Visitor: 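Just dropping this structure here.
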Amino acid sequence: DAGVTQSPTHLIKTRGQQVTLRCSPISGHKSVSWYQQVLGQGPQFIFQYYEKEERGRGNFPDRFSARQFPNYSSELNVNALLLGDSALYLCASSSEGQGETQYFGPGTRLLVL
Amino acid sequence: QKEVEQNSGPLSVPEGAIASLNCTYSDRGSQSFFWYRQYSGKSPELIMFIYSNGDKEDGRFTAQLNKASQYVSLLIRDSQPSDSATYLCAVKGTGGSYIPTFGRGTSLIVHP
């Protein structure tokens, strides 16, 4: 079975631009979470979606938004990019919205110039 | 604010030794505990999870949980150079909290 997939793998943008990152969960998983990881830090929670509803939101500005589609795939959008948004963006899927183990995708490395 | 603390390291051990990685957490109501391995430039990979006090073994890995002390550890026996990576501790609470909190990770170096 395929694991969590993310696209694109790498992305270079300039300040002020907008970016959309995509994630497909493991087959049968209905929950998708997004994390931001900067160098030397652990993943920081951005959003969690379960059955297309937002289940949680981390301490990120409104420039960050996400949604989940009927097939449980998800998109993370970031508007008005800042240099500080440069990071590895991770998507994780789990089989339930609560209590279940999360499995990570390969990540999207975003560089903002 | 729920916190998960890990020594950033690096922890350096010789090949064949036991590596001991530690993690403390602030939320006394935490119920689920996870260890992930992350190679440089890659995404985290689940190694083990533990829910109950005591030890849980899986191959060369043993997770140890002490809820009274709010402490979880990962032991790696017969360490290999391929174990060199950053090890992330993640803790999930109760009360409808679906989101794990991650520590910053401990860098492990296993030298031949």
Side-chain angles (χ1 to χ4, degrees), chain A residues 3-7 9-10 21 23-26 29-51 53-60 66 68 87-111, chain B residues 1-10 21-27 29-52 56 58 63 72 74 85-108:
Chain A
V4 179
T5 60
Q6 291 186 245
S7 64
T9 56
H10 295 81
L21 310 180
C23 171
S24 292
I26 293 170
H29 285 192
K30 299 179 179 180
S31 178
V32 169
S33 299
W34 287 95
Y35 293 86
Q36 181 195 67
Q37 186 178 27
V38 298
L39 196 63
Q41 300 294 323
Q44 297 295 309
F45 171 70
I46 309 175
F47 287 106
Q48 186 183 80
Y49 279 79
Y50 176 68
E51 286 278 20
E53 291 190 1
E54 183 182 300
R55 277 294 184 92
R57 172 187 285 256
N59 188 24
F60 279 80
Q68 186 177 34
L88 179 66
Y89 287 85
L90 296 163
C91 174
S93 79
S94 57
S95 59
E96 295 281 345
Q98 58 183 6
E100 292 295 329
T101 303
Q102 294 190 336
Y103 297 88
F104 284 91
T108 294
R109 189 163 296 281
L110 173 64
L111 177 61
Chain B
Q1 179 85 8
K2 299 175 183 177
E3 295 184 352
V4 177
E5 299 289 340
Q6 294 183 259
N7 188 322
S8 61
L21 305 161
N22 305 315
C23 172
T24 60
Y25 57 94
S26 63
D27 181 6
S30 297
Q31 294 292 319
S32 308
F33 307 85
F34 306 86
W35 283 101
Y36 289 85
R37 176 176 62 197
Q38 187 172 26
Y39 292 112
S40 180
K42 302 296 185 181
S43 65
E45 171 193 10
L46 180 71
I47 299 175
M48 293 188 69
F49 58 85
I50 185 169
Y51 301 143
S52 303
K56 179 181 179 182
D58 184 0
V72 57
L74 180 70
T86 295
Y87 289 80
L88 298 165
C89 172
V91 175
K92 192 180 291 189
T94 56
S97 172
Y98 310 118
I99 314 304
T101 300
F102 283 82
R104 64 184 301 172
T106 297
S107 174
L108 172 66

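Model, not experiment: these values are computed from the prediction. Below, chain A is the first sequence line, B the second, and so on; all start at residue 1. Basis for what follows: all heavy atoms, side chains included, without hydrogens, waters or symmetry-related copies.
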Visitor: Looking only at heavy atoms, which two atoms of Pro100(B) and Gln102(A) are closest? And how far apart?
Guide: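 Result for this residue pair: CG-OE1, 3.6 Å.
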Visitor: Taking atom CD of Gln37(A) and atom CZ of Phe102(B), what is their separation to the nearest 0.5 Å?
Guide: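 Rounded to the nearest 0.5 Å, the CD-CZ separation comes out at 8.5 Å.
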Visitor: What is the minimum heavy-atom distance between Gly42(A) and Leu88(B), and which atoms define it?
Guide: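 The pair with the smallest heavy-atom distance is CA-CD2, 4.1 Å.
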Visitor: Which one wins on heavy-atom pair count under 4.5 Å against chain A: Gly41(B), Ala90(B), Pro44(B), Gly105(B)?
Guide: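 Between Gly41(B), Ala90(B), Pro44(B), Gly105(B), the count favours Pro44(B).
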Visitor: Once rounded to the nearest 0.5 Å, what's the spacing between atom NZ of Lys92(B) and atom OG1 of Thr101(A)?
Guide: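 Here the interatomic distance stands at 7.0 Å.
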Visitor: Heavy-atom pairs under 4.5 Å with chain B - which of Ala92(A), Pro43(A), Pro106(A) has more of them than the others?
Guide: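 Among Ala92(A), Pro43(A), Pro106(A), the one with the most close pairs to chain B is Pro43(A).
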Visitor: Examine whether an atom of Gln38(B) lies under 4.5 Å from a heavy atom of chain A, and if so say whether it belongs to the side chain, the backbone or both; otherwise answer neither.
Guide: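 When you check distances to chain A, only side chain atoms of Gln38(B) fall under 4.5 Å.
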